[in-house]
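Below: one structure in structure tokens.
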Amino acid sequence: NSNWHDILFSSLWSRKFPQAVRDEIIASARSEFLERGTETNRQGEPFAGLVCLLSGEMHVVGTARCRGELLLGIHRPGEWTGFLAALDRG
């Protein structure tokens, strides 16, 4: 358990969380193994929560009308995503 706790709070952003926030994240977190190519969420879908990558890498892909899919970013262990969806609820 402490290994994934260390990863969750390794970023510059998350390591500054007060202990009460850390405790709440740990209590509500769930770990999920995803196969390569699995989508975690799509633009316009309801907000599903923030995601912190524990291992591997996650590609963030957007779509453009004239160009198809565009690679917007790559997340690695300890990095969080889902902020924009949190702000606009999807």
Side-chain angles (χ1 to χ4, degrees):
N1 270 356
S2 66
N3 185 38
W4 67 268
H5 293 184
D6 294 343
I7 295 169
L8 280 175
F9 305 114
S10 64
S11 73
L12 291 173
W13 175 71
S14 63
R15 78 174 68 141
K16 295 179 181 179
F17 291 164
Q19 190 60 49
V21 172
R22 289 174 180 237
D23 293 343
E24 187 173 337
I25 289 171
I26 291 168
S28 63
R30 63 181 167 77
S31 178
E32 205 175 317
F33 177 81
L34 302 173
E35 296 288 337
R36 178 182 293 258
T38 302
E39 292 183 358
T40 57
N41 53 357
R42 287 186 151 272
Q43 185 175 352
E45 288 183 350
F47 176 62
L50 295 175
V51 174
C52 180
L53 192 64
L54 298 177
S55 65
E57 64 181 33
M58 175 189 291
H59 293 196
V60 179
V61 178
T63 56
R65 289 186 188 133
C66 62
R67 294 194 177 146
E69 293 186 343
L70 301 170
L71 179 63
L72 301 175
I74 299 174
H75 291 287
R76 294 188 171 81
E79 295 179 353
W80 293 72
T81 187
F83 301 108
L84 294 177
L87 294 174
D88 69 10
R89 295 291 180 200

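Computed from a predicted model, the values in this text were never measured in an experiment.
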Keeping T81 on the side-chain end and V51 on the backbone end, is there a donor-acceptor pair under 3.5 Å? no

Does the W13 side chain pair with the main chain of E79, one donor and one acceptor, at a distance under 3.5 Å? no

For E57, does the CD atom sit with more than 12 other heavy atoms under 6.0 Å from it, leaving out its own atoms? yes

Shortest non-hydrogen contact from S11 to G78? CB-O, 3.5 Å

Of all the heavy-atom pairs spanning P77 and L54, show the shortest one and how long it is. CB-O, 3.6 Å

Min side-chain heavy-atom separation S31-W4 under 4.5 Å: no

Considering all heavy atoms of both residues, which atom of L34 and which atom of T40 are nearest to each other, and what is their separation? CD1-CG2, 3.4 Å

Are V60 and I74 connected, step by step, through hydrophobic side chains (Ile, Leu, Val, Met, Phe, Trp, Tyr) whose heavy atoms are closer than 4.5 Å? no

F17 and Q19, any side-chain heavy atoms less than 4.5 Å apart: no

With a 4.5 Å cut-off on side-chain heavy-atom distances among I, L, V, M, F, W and Y, is there a chain of contacts connecting M58 to L50? no

Start with the C-alpha gap between F9 and I26, add the side-chain angles, then the distance that decides, and say whether side-chain contact (heavy atoms from CB on, under 4.5 Å) holds. CA-CA 10 Å; F9 305 114; I26 291 168; 3.9 Å; yes

Using only atom types and a distance under 3.5 Å, with no angle test, would you say the side chain of R76 pairs donor to acceptor with the backbone of L53? no

